[in-house]
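Below is one structure, written out as structure tokens, with a few remarks after it.
What's counted below: heavy atoms across the whole structure, side chains too, no hydrogens, waters or symmetry copies.
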Amino acid sequence: LVAFGINHYGQIGNGMPNRSYTPVPVWSLDGIAEVAAGNYHTLARRQDGKVWTWGQSVLDQLGGAVGRDSSIPVVIPGLRDVMAVDAMWDQSAAIKDDGTLWTWGDSCGPG
């Protein structure tokens, strides 16, 4: 898995603070089945059904994985058996194998 672009909140996922104009490897992440990118965060679903995330977490869009921004991928605790992920502006979502929808991050509803 590789990424590039601005890196204000670590959303490239390589553990470095600088932007990159060329693709660089995401920190120690393999076996990826699916990737979804929000505004300043990223989700990756591994083939084993676990979800890893990195980038900005000001609105908990990293799912409580670290409680702060992360420039390296961290697993979302307690979220297993995931078959699909999606990321929006400051929100994240996952569909588990049992068909349940899990969401976290900023509220999508009216203020």
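Donor-acceptor pairing under 3.5 Å is recorded for the side chains of Ser92 and His41.
The shortest heavy-atom contact between Pro77 and Gly63 is CD-O, 4.3 Å. Shortest non-hydrogen contact noted between Arg68 and Ser57 is O-CB, 3.4 Å. Shown here for Ile12 and Gly5, the closest heavy-atom pair between the two residues is CD1-O, 3.2 Å. Nearest heavy-atom pair, Asn14 versus Pro25, reported as atom, atom and distance to 0.1 Å: CB-O, 3.5 Å. Nearest approach of Asp60 to Gly64, heavy atoms of both residues: OD1-N, 2.8 Å. Pairing each heavy atom of Leu43 with each of Ala93, the nearest pair is CD1-O, 4.1 Å.
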task = Just do the side chain to side chain contact (heavy atoms under 4.5 Å, CB included) check on Asn7 and Tyr9 with the steps written out, would you?
result = CA-CA 6 Å; Asn7 199 29; Tyr9 305 100; over 6 Å; no
ask   = Taking it one step at a time, do Ile6 and Tyr40 satisfy side chain to side chain contact (heavy atoms under 4.5 Å, CB included)?
value = CA-CA 9 Å; Ile6 63 170; Tyr40 294 114; 3.9 Å; yes
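With Leu62 as the partner, the side-chain contact (heavy atoms from CB on, under 4.5 Å) test is satisfied by one option alone out of Thr53, Ile76, Asp69: Thr53.
The 12-atom threshold is exceeded at CE of Met83, counting heavy atoms of other residues, nucleotides or ligands nearer than 6.0 Å. The neighbour count for Lys96 NZ, taken as heavy atoms of other residues, nucleotides or ligands under 6.0 Å away, is above 12.
Take Asp98 and apply the salt bridge (Lys or Arg N to Asp or Glu O under 4.0 Å) test, not counting sequence neighbours, and it matches no residue. Residues forming a side chain to side chain contact (heavy atoms under 4.5 Å, CB included) with Asn39 (at least two apart in sequence, or on another chain): Trp89, Asp90.
Between Gln11 and Gln56 the shortest side-chain heavy-atom distance does not fall below 4.5 Å. In this structure, Arg46 and Asp30 have side chains that are in contact, with non-hydrogen atoms separated by less than 4.5 Å. Side-chain contact between Gln91 and Trp104: absent, with no pair of heavy atoms (C-beta onward) separated by less than 4.5 Å.
Note that OG1 of Thr103 and CG of Asp86 are 11.5 Å apart. Values are rounded to the nearest 0.5 Å. The distance from the CG atom of Asn18 to the OG atom of Ser71 is 11.0 Å, given to the nearest 0.5 Å.
Grouping Ile, Leu, Val, Met, Phe, Trp and Tyr residues whose side-chain heavy atoms lie under 4.5 Å apart, directly or via other members, places Val26 in a hydrophobic cluster with Leu1, Leu29, Ile32, Val35, Trp52, Trp54, Val75.
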